[in-house]
Structures are given as structure tokens and as C-alpha cells.
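Report on the structure given below.
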Number of protein chains: 2
Amino acid sequence: MAHSETVDRILDAAEILFAEKGFSETSLRMITSKAKVNLAAVNYHFGSKNALIQAVFSRFLGPLSRLMEQGFKEKGWEQDGRSVPSLEDILRLYTRSLLRIPTNHENGVSIFMRLMGLAYTQSQGHLRRYLEQEYARTFRLFMHFVKESTPELSKEERFWRIQFTMGSVAFTMSSIQQLTEILEDSASAKADPEAVVNYLVPYLLAGLQAAPLKSKM
Amino acid sequence: MAHSETVDRILDAAEILFAEKGFSETSLRMITSKAKVNLAAVNYHFGSKNALIQAVFSRFLGPLSRLMEQGFKEKGWEQDGRSVPSLEDILRLYTRSLLRIPTNHENGVSIFMRLMGLAYTQSQGHLRRYLEQEYARTFRLFMHFVKESTPELSKEERFWRIQFTMGSVAFTMSSIQQLTEILEDSASAKADPEAVVNYLVPYLLAGLQAAPLKSKM
DNA sequence: GTATGTTTCAAACATTCGTTTGGAACAGTT
DNA sequence: AACTGTTCCAAACGAATGTTTGAAACATAC
């Protein structure tokens, strides 16, 4: 249940394989052979494959939630209070929290982002439900801040812009590995997640703050 | 091979189920029972499940490519020529082409967009290869126009912004069905793909044209 | 040392998967 | 009528899946 050598090995192997191939395309046998544990270990320690998938996520999500809420407090932001952080501050806090998730592997951050992208697009019913339940609080907080920072937008327009924003993040992060490889072939610079975020924030900021379209062309 | 009642029924059922569940999560038996044809019909007419997946895409991509190239010619844009369309014109042309793909079902456009999103995130090797090969021309044309319209951006910055843009489109469209349902619950307006595009274009435009970040915070 | 609770392991389980098979049904031609 | 090529269909195939089993191995306590 709690901590164990075997449990960690399974989680380490699983998160890598899930990120590489997706959930359905990764079999328990791939995981257990990569982790060098017995096949039955997954069902023994986690109960089922779906439970393992959720366990992989919660190992990331726990620390991430704590990082974000800690950031709120440090900056003195309160949901009920009157302080209204700027959009850039909000985006910076969220992206920086993402980048600072503690992980085992070197590419842990990339892996987690890829997993989040997969979770959103690959419509695994149980996972979506789990994330919504586990993350409703953090997500609503983000919505709240965006709302206070973009009072000029209509409710609908703001809703869609948040979707576009999440789409950029999820999609980019879900393919960040392949993308950086493409870029490193042509250009010379090594593109780590931190650099990508520095490109991402101004883009998202401009999109969220854009003047709405008045009339259709 | 060519046209047949059975072939169409299989394609119709397959594209809906793929869009709903994903490729790996959809079995041939689900498809054939929904299409009310024999299980062996898929392998008889298409050869394999992977070939069926590609057939589903080519039924969309053929008309889409023709719509886009027709748009280029109508506007007098040429890849080698000197005419430099504005970014907004480019985005408008691409999104309008997407919206005008001829389909059988009522929600055909949403289905196709969802499929494109899945194709990009769900790393189906064969499908990615097929799309890159089939679509290289159209994609490079888009890159070319964006490059000419954003001369102030560095090569790297432009690369990433194009990724962010594609992410917004792919992600939003891949979940447009669920998202509109959410919105229709809270708000009253019905959000069809055309309306979403009218929200999307200004957002993307602003992001692509944003001033690059000078220094890291 | 014996007993107890936990973890590991090889083997088997039942299902489901994509694919193949061989003949029936059908259409068109000679 | 007899032949030919295409399409359909029930049935089966082998492989792979997630899960379960029951005994072995291990550790810890009495």
C-alpha cells in the first residue's frame, strides 16, 4: 500500500511507458518487464490497471497542488479577498509550478506534461472523472483569477479563451519531446521545458487579452 | 475497393466510434455491429484495421486539401510569388476550409476535428506517417505564409508559436463536443463550430503577433 | 523454532482482440 | 444451364490482454 521498492519501480516504469505509448497501448506485461517485477505485482499492489494509471497521476498531482497553493499564499492572493493579480502573474505562477514538480527521472517534467495532455485528449472515462474530482478546486481557482483579470470579456468569450489556452499547453506539452527533437535537428539551441514556457507565456497572454471580434467577415 | 454500400456503412460507423472512443479503444466488432455488416467485411474491403483508420481520414482529407488549394487560387496567393497575405487572411482561409468539409452526418465537421486532434496526440505511428506524407505539401504552404507574415519573429519563436496555434485548434476541436455541452448547460447560446471559429481566430492572431518576451522574470 | 502476516512468483484463467478460412449467396456472361 | 468473379457470412484461429490463484519465499514477532 504505502512505500515499497516494487511499488516505486512499477510507477517509474509505468509513467515512462504511458507517456511514450498511451494508456491502452501499454500492457501490464510491458510495465512489469521494464520494472523487472512479476506480472501479478501490479494487481497485488494497485488492484487494477486503471488504479495504476490514477496512482501515476497522483504521484505528480499531490506535489503540484501544494506548489500552487503555496504560491498563492506567498503572493498574498486570496480567492475571497480583493487582491487581483495580473494575468501574467497568474500564468507565470502556474507554469512555474509545473516546471518545479519534483520527479525521479531527468525528463520528469516533460513526462508529466505529456501525461496530462494524454489524459485530456485520450478520453479515458475513469481518469477524467478522477482528475475532475481531484482537481476541481485548483481549476476553479484558476478560473476565478482569470475572470477577475479579464472583466471586459463576455462569459462565453472567456470560456472559450480558457479552452484555447489549455489546448495550447496540453498539446504542446504532450508532444514536447518530439517537437524539441525536430527543432534540435534544424536549429542548434537545446529547447528545455523552461525555454518553451518562456515562449508560451507571452503567446497565451496576448491571446487572452486580445480584443474580441466585433463582426464576422 | 471503390464504392459500395458496405464500404460506406463501415466508414460512417468507424468515424463516429473512433471520434468517440479513440482508435485502440474501438474494436472492429463495435464498428461492424454498428454498421450492421459482417465482422469479416472490414478485412475484406480494407485489408486491416490500420488501413481502415487511414481510409476514414482520407475521406476527409481529400476534399479538405482541394478546398484549401482552391482558396489559394481564388485569392491569387502563390507560394513563389510576391503577394503576402495577412495573418488573419491565412487563418480565416484555413478555418473556413475546415468548416466547409462535406460530410454525411450533421456533426461531420466536429467529428473530423476531433479525429485530427486524436491523430496528433494519440501517437499512432502508422497514422502519423500517413498524415505527414499525405499532408506535407499543405502544411509547408501554411508555414511559408506564416513566415512571410511574421518577419519580425525569430525562427525559433515562430516555430513554437505555430505549435501553440496548432495545439489550440487541435485540442479545442478534439473536445468541442464535450465543451459545447458544458457551455449549453450554463449559458443559453448554442455553440456551433462556426461560432467557435469566430472566437478562435482573434485569439490565435493575437498570440502569433504578440511581442516576444525580452527577459525572463 | 514456530507461527503470522506480507510479498513474490510461475502458471493458469477467462475474454477480447484482429485476422483468416471455406463455403454460401448473388450477379453477370457465355 | 453452366461458369466466373465478387461479396457476404458463420465460425474458428492464434495471439494478447487484465486478472486470479495457490504455493513458495521472506520477514517479523513471540
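What you see is a predicted model, and the numbers here were worked out from it, not measured in a lab. Residue numbers begin at 1 in each chain, while the letters A, B, ... track the order of the sequences.
- Side-chain proximity of A/Y44 to C/dT8, C/dG18, D/dT6: nearest is C/dT8.
- The side chain of A/N43 approaches D/dT19 more closely than any other nucleotide in the set D/dT19, C/dT20, D/dT7.
- Remark: C1' of D/dA27 and CD of A/E5 are 16 Å apart, rounded to the nearest angstrom.
- The residues B/E15 and B/R59 are annotated as salt-bridged, a charged nitrogen and a carboxylate oxygen being separated by less than 4.0 angstrom.
- Note on A/H45: a side-chain N or O is less than 4.0 Å away from OP1 or OP2 of C/dT8.
- Across B/F57, B/F23, B/F112, a single residue satisfies ring pair (Phe, Tyr, Trp, His ring centres under 6.0 Å) together with B/F18, and that is B/F23.
- Within the 4.0 Å cut-off from OP1 or OP2 of C/dC17, at least one side-chain nitrogen or oxygen of B/S27 is found.
- For B/T6 and D/dC8, the shortest distance from a side-chain N or O to OP1 or OP2 is below 4.0 Å.
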Self-check item: Reading 5' to 3' through nucleotides 10-15 of chain C, protein heavy-atom contacts under 4.0 Å coded B for base, S for sugar-phosphate only, - for none
Solution: B-B---
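- A donor-acceptor contact closer than 3.5 angstrom is absent between the side chains of B/Y44 and B/T6.
- For the pair A/E69 and A/R137, the salt-bridge criterion is met [side-chain N within less than 4.0 Å of a carboxylate O].
- At the heavy-atom level, A/T32 lies nowhere under 4.0 Å from the strands shown.
- Distance, A/K21 NZ to D/dT17 C1': 16 Å, rounded to whole Å.
- By the salt bridge (charged side-chain N to carboxylate O under 4.0 Å, His left out) test, A/R9 pairs with A/E5, sequence neighbours left out.
- Applying the side chain to side chain donor-acceptor pair (under 3.5 Å) test to every pair with at least one member in residues 26-40 of chain B, sequence neighbours left out, gives no pairs at all.
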